[in-house]
2 protein chains.
Amino acid sequence: MAAKMVANKKIVLKNYVTGSPTEADMEVVATATAPSKLLEGSAAGSILVKNLYLSCDPYMRGRMSRPCSYIDEFVLGEAMVGFGVSKVVDSSHPEFRAGDYVWGMTGWEEYSLIEDPKKFFPIRHPDLPLSYYTGLLGMAGLTAYVGFYDFCSPKAGERVFVSAAAGAVGQLVGQFAKLMGCYVVGSAGSDEKVNLLREKFGFDDAFNYKNEEDLNLALKRCFPDGIDIYFDNVGGATLDAALLNMRLRGRVAACGMISQMNLPEKLDPLHNLISVIPKRVRVEGFLVFDHFHRYAEFEETVAGYVREGKIAYVEDVVEGLERAPAALVGLFAGRNVGKQVVVVDREQ
Amino acid sequence: MAAKMVANKKIVLKNYVTGSPTEADMEVVATATAPSKLLEGSAAGSILVKNLYLSCDPYMRGRMSRPCSYIDEFVLGEAMVGFGVSKVVDSSHPEFRAGDYVWGMTGWEEYSLIEDPKKFFPIRHPDLPLSYYTGLLGMAGLTAYVGFYDFCSPKAGERVFVSAAAGAVGQLVGQFAKLMGCYVVGSAGSDEKVNLLREKFGFDDAFNYKNEEDLNLALKRCFPDGIDIYFDNVGGATLDAALLNMRLRGRVAACGMISQMNLPEKLDPLHNLISVIPKRVRVEGFLVFDHFHRYAEFEETVAGYVREGKIAYVEDVVEGLERAPAALVGLFAGRNVGKQVVVVDREQ
């Protein structure tokens, strides 16, 4: 007996993008349908999920252009994909059963048929807000965790600078650094975000980069003795200024360069990489995709921090799948305050 | 009784330099005198040395300008200083005696009074050419050794690119890489040097960067599958092209950026550092001055390689202290072929 079909709204990319994406590059397709149960003929081991929360992440910008450097570009006309929190509706996989909450790479649509559910993680702390698994307890959280603890080689008392510090990754890096006893300064693109860094996330200092005429001077003011660790989420002029202000044997974790993502042609020039020699600085790029084997350890650690009140977390939540394109465009324009989440359906 | 005085020619810097140094920035002062033995009143533990071979090294460019980033600038009107091989003439230090051969930071002059001889290394293989201790068995050799083995994390079979590959450091890095079983390509600034890389040092391939219109294409031709290790001696456009051609988890050892040393204002822009993220590349700066504790191990290893014929070594030798300024200027113009050495006095 064929499964009943249900409506399945989805977001598709209409065309590959040059420069800054706009909402017009995406489309809400409301006429698609999905099965209400696994179809006969679905690959053995598939699961059908209902998507609850979707994550807007900077790396998605790459997938909107062709070619993308380290991950496939989105397929035009098909549902976009991204990290999300989902509920299993039907399963032919022994490790998943209907009613389970999971997170992983899912479709920007109401229902998704997942043929390789091993890429999904079970949600072990469903009593915490499920949406946290789009960020704090998901990919962004793991990015902050391995980026800071593994790539920054941090020590208590060190001076840490974080850019895009109010974003999903930055707010966690700053708080991990504070928990370790570091001196932490963040940059962000609005006074509201700067206030959040100081008041909510406990950063020692913060500045609005848009109000600074000279980023080098801003960093010299915040770090008169220099920077031990720079966690770079933005690249460009901020990275160049940070390179100039590193201390001896400083470390730069190159996590993302969101300022460079929408530039139509050549990227902003850097002039100060040479300072890695006299300062003996290490610059290292990383992608969280290499580090999912650390996930279980990370999840327990950070869920513990949340329960103990050691970590604050701010989300910027929009309601409704149809608002996902605007939310994603806003992310690249820096309009979100905190982790950008799209609610498809609340299940809590 | 006061020690007899002898003539002591020396090279002094007349003025701090902007842009490319010229011979006119330095002066041979022939009227200075030195004691023939340690003066009464010399600090206890001093030694008096006769300088035999002087080393011209890229880092010296920094000391010709003010301020210099990681080492004091030369003092105008006093003898310039640099690494050299010397013979002890007189000593009040228990670990040095007249007749010993030593190498270390000495004056660009015929005789130098060294008040802190602990910075000097005894020459343990005086049967090898003494001049080798200005390069192969001295600072440049140790730079290549720690730079390659410690900072490049090399493995057999990896693809290694070395710039300024015919220079004192580059020729050794390439040969260390070949000894490890790597595929090695070098760049240099003349066909003569390129020939040397192929014929004398056993590089798998080499190119004259001055003959390449597009360094990115040159690297793609030499490394169709990308570069695992880039040992950077030059910075600038070569570094930028290398960043674009790194393989997954590649390593860049930032050893020096000689192409950037004589630029009067801003350094050449880099556009490709962002590729460290998708490629998970590590860029690390280092200075040999941190690694002299490895010297004894290095000296035995490399002296062994020389005796076994495993390492070839090419020096560019000029005769006479008065030719040292021209030799140093030539180094910054890339005129030397192999390690630039100045003979003050032959003792072999």
Side-chain angles (χ1 to χ4, degrees), chain A residues 58-59 61-63 67-71 143 146-147 150-151 153 232-237 239-240 242-244 246 248-261 263 265-291, chain B residues 58-59 61-63 67-71 143 146-147 150-151 153 232-237 239-240 242-244 246 248-261 263 265-291:
Chain A
Y59 81 91
R61 174 64 189 84
R63 307 193 74 171
C68 176
S69 60
Y70 58 87
I71 190 170
T143 302
V146 300
D150 295 1
F151 286 85
S153 311
D232 183 32
N233 290 312
V234 302
L239 172 57
D240 214 26
L243 285 168
L244 214 50
M246 297 305 291
L248 215 57
R249 296 186 186 77
R251 288 131 269 150
V252 177
C255 175
M257 300 197 179
I258 197 168
S259 75
Q260 305 299 292
M261 284 186 162
L263 301 178
E265 298 198 5
K266 264 198 169 178
L267 303 187
D268 287 340
L270 298 177
H271 291 280
N272 300 326
L273 187 63
I274 198 172
S275 66
V276 302
I277 303 178
K279 302 286 187 60
R280 293 84 147 170
V281 166
R282 182 181 78 207
V283 178
E284 192 159 3
F286 73 100
L287 289 180
V288 69
F289 303 104
D290 299 336
H291 302 277
Chain B
Y59 81 92
R61 175 63 190 82
R63 307 192 74 170
C68 176
S69 60
Y70 58 87
I71 190 170
T143 302
V146 300
D150 295 2
F151 286 86
S153 312
D232 183 32
N233 291 310
V234 302
L239 172 58
D240 214 26
L243 285 168
L244 215 49
M246 297 305 291
L248 216 57
R249 296 185 185 80
R251 289 130 267 152
V252 177
C255 175
M257 299 198 180
I258 196 168
S259 75
Q260 305 298 293
M261 283 184 162
L263 300 178
E265 299 201 3
K266 265 198 168 178
L267 302 188
D268 286 339
L270 297 178
H271 292 280
N272 301 326
L273 187 62
I274 196 171
S275 66
V276 303
I277 302 178
K279 302 287 188 58
R280 293 81 148 170
V281 166
R282 182 181 77 206
V283 178
E284 191 158 5
F286 73 100
L287 289 180
V288 68
F289 303 105
D290 300 336
H291 302 278

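Throughout, protein chains are lettered first and strands after them, A, B, ... in sequence-line order, and every chain is numbered starting at 1.
- Summarising the geometry, atom CG belonging to Leu273(B) is positioned 8.5 Å from atom CG belonging to Asp232(A); distances are rounded to the nearest 0.5 Å.
- Atom CG of Leu270(B) and atom CG of Asp240(A) lie 8.5 Å apart (nearest 0.5 Å).
- Closest of all the heavy-atom pairs between Ile277(A) and Ala254(B) is CG1-O, 3.5 Å.
- Looking at Arg249(B), only its side chain comes within 4.5 Å of chain A, counting heavy atoms on both sides.
- In this structure, chain B has a heavy atom under 4.5 Å from the side chain of Leu239(A), while its backbone stays farther away.
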